[in-house]
Amino acid sequence: MSIEVAVAAALFVGIIAYAVLGGADFGSGFYDLTAGGSRRGAELRTLVDHSIGPVWEANHVWLIYVLVIWWTAFPESFAAAMTTLVLPLLFALLGIVLRGASFAFRKFSETLGQARLFGIIFAASSIITPFFFGTIAGGIASGRVPLDGTGDRWSSWINPTSLFGGVIAVGTCAFLAGTFLVAEAARSGQTRLADELRIRALGVGVVTGAVVFAALVPIDHDAPTLAAGLEGRAAPLVVLAALASVATLVLLWRRRYAIARLTAVVAVASVVSGWGVGQYPWLLVDEVTIVDAAGAQATLQALLVAVAVAVVVVVPPLVYLFRLTQSEEWTQH
Amino acid sequence: MLTPDVVTSVLAEFAVHLATEAEPAGLLPARQQMALSLGWHIILACFGVAFPAMIFAMHLRGIRRNDPVALGLAQRWAKVSAVLFAIGAVSGTVLSFEMGVLWPGLMGTYGDVLGLPFAFEGLAFFLEAIFLGIYLYGWGRMPPKRHVMMVLPMAITGIIGAYCVLAVNAWMNVPTGFKLVDPSTGSGQVEITDVEPWAVLFNQHAFLQFAHMWVGAYMLAGFSIAGVYAVGMLRGRRDAHHRLGFMLPFVFASIAAVTQPFVGHVLGFGLDERQPAKLAAFELAETTESPSPLRLGGVLIDGEVKGAIDIPYLGSLIAMNSPDKPVPGLDTIPEDEHPPVNMTHLAFQTMVGIGTLLAGAVVLFWVQRRRGKDLLQKRWFLRFAAAAGPLAVIALESGWIATEVGRQPWVVYGVMRTTEAAGDYSASLWWLLGITTVVYSLMTWGAVVVLRSMARRWREGAIDLPSPYAPEVRQ
C-alpha cells in the first residue's frame with residue numbers, strides 16, 4: 001500500500017467513524033422531531049438528551065478530522081470539492097451550527113416554550129445535515145467535481161446519485177439511532193418506550209433498505225464508475241451490508257437489542273466502506289486518483305505520525321467515555 | 001479619538017478597497033465573512049483555553065478544603081462551559097469549512113504546507129471534547145478525586161490546540177518550510193517543493209505569537225467571569241459565593257494582565273525586518289524619522305498624519321529598543337504593499353491602550369490590598385471590574401485586527417496575496433455574509449438568554465435544572 005493510499009485510508013476511517021458515531025447522533029433527531037407533543041414526547045426526548053449529551057461533541061470532531069486530513073493530504077482536490085459543492089456544504093454547515101447550538105440551549109432552557117423552539121431547531125437540523133452530506137458524497141462519487149473546481153454549483157448535487165445519497169444518509173442515521181435508542185431505553189427499564197421505538201426503528205430500517213436497493217438502478221446509469229466498483233471490488237461489502245441490515249431487523253424483531261446495535265454498526269460501516277472501495281482508486285471520481293491528488297510526501301508522512309499519535313492518545317479516552325455512558329452509574333439519571 | 005475625521009478616513013479607506021479593480025468581487029465579502037466568524041469564535045476559544053484551568057483550580061479547592069461554595073461554583077462553571085463549548089465547537093467547524101470555501105486558492109496551493117498543525121489541533125480538540133463529556137456528566141457519578149482530574153486534560157489540550165492554530169498564523173506572517181520553484185506570481189503555476197511540515201509546526205515565530213494569545217485568553221476569560229460577580233456585588237450580593245467567584249478568575253486575569261505587556265513587547269522584536277509595513281502602520285510612521293516619536297491616536301489622510309499626539313523618542317525606544325533607531329516609514333514600502341494603515345494603527349493602539357489600563361488597574365488593586373484596603377468595597381472599582389471583561393474582548397479583537405489587517409495585502413506574507421487566495425463566487429458571498437450575520441446574531445441571542453436564565457434559576461436556589469421537555473416534569 002502506497003503512502004498516499006494509507007493516508008486516504010486513514011481519512012476514510014474518519015468518514016466511517018463520523019457516519020457511525022455522528023450518524024447515530026444525527027439520527028436521534030428524527031425520533032426527537034416525531035416524538036409527539038411536549039407531554040407525550042418528554043420521555044423520548046429526555047432519552048435522546050441523555051444518550052447523546054455526553055458524546056455528541058466528541059462524535060462531531062470526526063468531521064473536523066476528515067476536513068483537516070483532506071486539505072492537508074489532498075489540498076487541490078479539497079479546494080475543488082469546496083468550490084464546486086459549496087452550496088450543499090454550506091447547507092450542511094448551517095445544519096451543524098443550528099443543531100449544536102440549539103441542543104445545548106435546549107438542555108438549559110428556562111421555559112417549555114424556549115425548550116420547544118430549540119428542540120425543533122435541533123431535531124430538524126439533525127435531519128437536514130446528513131441529507132446534504134449524502135448529496136456531497138453522491139456528487140463526488142458520480143464524477144461531478146472537476147479538479148479545477150469549476151463544476152456546476154447546482155447539478156453537482158441535484159442529480160439522481162446525490163439525491164439518493166442524501167435520502168440514504170438520513171435513513172441510515174435514523175436506523176442506527178433507532179437501534180441505539182431502543183437498547184438504551186430497554187437497558188434503563190423503560191419498556192413501553194422501548195417497544196414503541198422498536199416498531200419505529202423497524203419501519204425506518206425497512207424503508208431505508210428498500211431505498212438503498214432502489215438506488216442501485218439510477219446509480220448504474222448516473223454513476224457508472226461507482227456502479228462498476230460496487231458490482232465488482234466492493235460487492236462483498238454490499239452483500240455484507242445487506243446481510244447485517246437483515247440481521248438487525250430480525251434481532252430488533254426478537255428484542256435482542258444489545259446485539260442489534262453491533263449488526264447495525266456493521267451495516268452502516270459496510271455501506272460507507274462500499275462507497276469508498278467502489279470508487280477506489282479515484283479520489284474525485286473520473287477526475288483525479290488518490291495518488292495523483294496527494295500533496296507533499298513529507299506532509300503525508302507527518303500526517304501518518306499524527307494519525308498514529310491520535311490512535312494512541314485519543315482512542316483510550318474515547319473508549320473510556322463510551323464505556324462510562326454505557327455503565328450503570330451513568331444510566332441512572 | 002473617534003473624531004468624525006477618523007471615521008471618514010477609515011470609511012474612505014474601506015471604499016478604496018471596494019473600488020480597486022484588481023480585486024475579485026468576492027474578496028470583500030469573503031474577508032468580512034472570515035472576520036465575523038473568526039472574531040466571534042476567538043472569544044469562545046479563549047474560554048475554551050482558559051476556563052478549564054479556572055474550573056480545575058476551583059474544583060480542587062472545593063475538594064481539598066471541603067468547601068461547598070467552591071464546589072458549587074465549579075459545578076455551575078462546568079455547566080456554563082458546556083454551553084460555551086458547544087457553540088465554540090460549531091463556530092470552529094464553520095471556520096474549517098470556510099478555509100476551503102472562502103480561500104480555495106490558499107488551501108489548494110498551501111494546504112499540505114500549513115496542514116499539519118491543524119491535524120494536531122484537531123487531535124487536541126478531540127481530547128478536549130472527550131474529557132468535557134466525561135467531566136460534565138461525571139458530577140456525582142465518579143469518585144471526586146478522579147473526577148476533578150478529568151478537567152486537567154482539557155486545560156492542557158486547550159493550550160496545545162491554541163499553539164497549533166497560532167503556529168499556522170505565525171507561518172502566514174513568517175512563511176517557512178517550503179521552496180518556491182517559480183515565485184513569479186500571476187498566471188503561471190507556482191510550484192511548491194521541499195515541504196517541511198514539522199518546520200511549520202515548530203516555526204520560530206509560533207511560540208511568541210502563541211504566548212501572546214494564551215495570556216490574552218486568560219485576560220479575556222478571567223476578567224469576563226470576574227465581572228459577572230462584580231455585577232452581583234454591585235447589586236448587593238456580597239456573600240462568600242460572589243467573593244470567591246470574583247477572586248479566583250481575577251487572580252488568573254491579574255497575572256495575565258501584568259505579563260501581557262512584556263510578552264507583547266518581546267513579540268514585537270524584529271517586526272521592522274519581518275513585516276516593516278505592519279510596523280509602520282502600527283506606529284503610523286508615514287516617513288522614516290530618527291528618532292521616531294510615539295504617535296498616540298491620529299489618522300493618515302492623503303499621506304499626512306493628522307490629529308496625533310507625538311511623544312518624542314518613545315517610538316524608537318519601544319519599537320526598536322534603541323534611543324534613536326528610526327521606525328522604517330511607509331515611504332520605504334511600495335504603494336501596493338501598504339496595509340490599510342488607519343485601521344491597523346487604531347486597532348493596535350486600542351489593544352495597547354486597554355492592555356495598559358487593565359494592567360495598571362490590577363496592580364492598583366493588589367497594591368491597595370497589601371495596604372489593607374479592599375477595593376471591592378468601592379463601587380467605582382466594581383463598575384470598572386464589570387467593564388474589564390468587555391474591555392479585554394475589545395483589546396483581543398483589536399489585536400487580531402491589527403495583526404491580520406496589518407499583514408495585508410498578503411495572506412501568506414510576501415508569497416501569496418489575499419486576492420489570489422479568494423474564490424470566484426463574486427456577489428453571492430454577500431448573501432452568505434447576510435445569512436451568517438443573522439445566524440450568529442441568533443446564536444448570540446440564544447446563548448445570552450440561556451445563560452441568563454441559568455443564572456437566575458441558580459440565584460433562586462435551584463441546583464439541578466428541571467427537565468425542559470414536558471410541563472409535568474418541571475415545577
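Labels below follow one simple rule: chain letters A, B, ... track the order of the sequence lines, proteins then strands, and each chain is numbered from 1.
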Step-by-step side chain to side chain contact (heavy atoms under 4.5 Å, CB included) determination, B/Phe85 to B/Leu44: CA-CA 7 Å; B/Phe85 194 89; B/Leu44 293 159; over 6 Å; no
Residue, of A/Val97, A/Leu300, A/Leu93, A/Leu117, that accumulates the most heavy atom pairs under 4.5 Å with chain B: A/Leu93
Residue A/Ala73 versus chain B: region with a heavy atom under 4.5 Å: neither
Salt-bridge present (A/Glu184, A/Arg187; N to O < 4.0 Å): yes
When A/Gly53, A/Gly119, A/Gly100, A/Gly149 are compared by non-hydrogen pairs under 4.5 Å with chain B, the top option: A/Gly53
Residue among B/Val113, B/Val83, B/Leu114, B/Leu116 with most heavy-atom pairs under 4.5 Å to chain A: B/Leu116
Region of B/Leu432 that comes under 4.5 Å of a non-hydrogen atom in chain A: side chain
Under 3.5 Å side-chain donor-acceptor pair for A/Thr129 and A/Arg99: no
Contact leader toward chain A among B/Ile130, B/Ile435, B/Val449, where contacts are heavy-atom pairs under 4.5 Å: B/Ile130
Winner by heavy-atom pair count (cut-off under 4.5 Å) against chain A, out of B/Gly92, B/Gly115, B/Ala82: B/Gly115
Proximity breakdown for A/Trp56 and chain B, heavy-atom pairs closer than 4.5 Å: side chain
Pair A/Arg192 + A/Glu43: basic N to acidic O under 4.0 Å: yes
Which portion of A/Val55 sits near chain B, non-hydrogen atoms under 4.5 angstrom: neither
A/Ser77 versus A/Trp70, side-chain donor and acceptor atoms under 3.5 Å: yes
Side chain / backbone / both / neither for B/Leu132 at chain A, heavy atoms under 4.5 Å: side chain
Parallel, tilted or perpendicular: rings of A/Trp62 and B/Phe126 (30°, 60°): perpendicular
Part of B/Val200 lying under 4.5 Å from any heavy atom of chain A: neither
Heavy-atom contact with chain B under 4.5 Å, split by part of A/Phe78: side chain
Options A/Ala104, A/Ala296, A/Gly37, ranked by heavy-atom pairs under 4.5 Å with chain B, top entry: A/Ala296
Proximity breakdown for A/Val307 and chain B, heavy-atom pairs closer than 4.5 Å: neither
Option in B/Ile87, B/Val439, B/Ile134, B/Val195 with maximal non-hydrogen atom pairs under 4.5 Å from chain A: B/Ile134
Toward chain B, the part of A/Leu94 with a non-hydrogen atom under 4.5 Å: side chain
Per-residue contact mode, B/Phe131 against chain A (heavy atom under 4.5 angstrom): side chain
B/Leu136, part contacting chain A, at a heavy-atom distance under 4.5 Å: neither
Interface residue of largest heavy-atom contact number with chain B, from A/Val314, A/Ile64, A/Leu303, A/Val309, under 4.5 Å: A/Val314
Top contributor to chain B interface from A/Ile69, A/Ile96, A/Val68, A/Leu63 [non-hydrogen pairs under 4.5 Å]: A/Val68
Heavy-atom side-chain contact between B/Arg459 and B/Arg456 under 4.5 Å: yes
Chain A contact via B/Val94 - which portion, at a heavy-atom distance below 4.5 Å: both
Min side-chain heavy-atom separation A/Gln114-A/Arg106 under 4.5 Å: no
Region of B/Leu451 that comes under 4.5 Å of a non-hydrogen atom in chain A: neither
Contacting region of B/Phe118 [heavy-atom separation from chain A under 4.5 Å]: both
Pairwise side-chain contact, B/Ile160 with B/Leu127, heavy-atom cut-off 4.5 Å (strictly under): no
Reported CD1-to-OG1 distance for the pair A/Ile52 and A/Thr325, which is rounded to 0.5 angstrom: 12.0 Å
Portion of B/Arg452 that has a non-hydrogen atom of chain A nearer than 4.5 angstrom: neither
B/Thr444 versus B/Trp40, side-chain donor and acceptor atoms under 3.5 Å: yes
Polar side-chain atom of B/Arg146 near backbone of B/Met142 as donor-acceptor pair, under 3.5 Å: no
B/Met107 and A/Met82, any side-chain heavy atoms less than 4.5 Å apart: no
A/Phe122 and A/Phe105 aromatic centres sub-6.0 Å: no
Side chains of A/Val145 and A/Glu287 in contact at under 4.5 Å (non-hydrogen atoms): no
Heavy-atom pair count under 4.5 Å with chain B, highest-scoring of A/Phe322, A/Phe74, A/Phe118, A/Tyr320: A/Tyr320
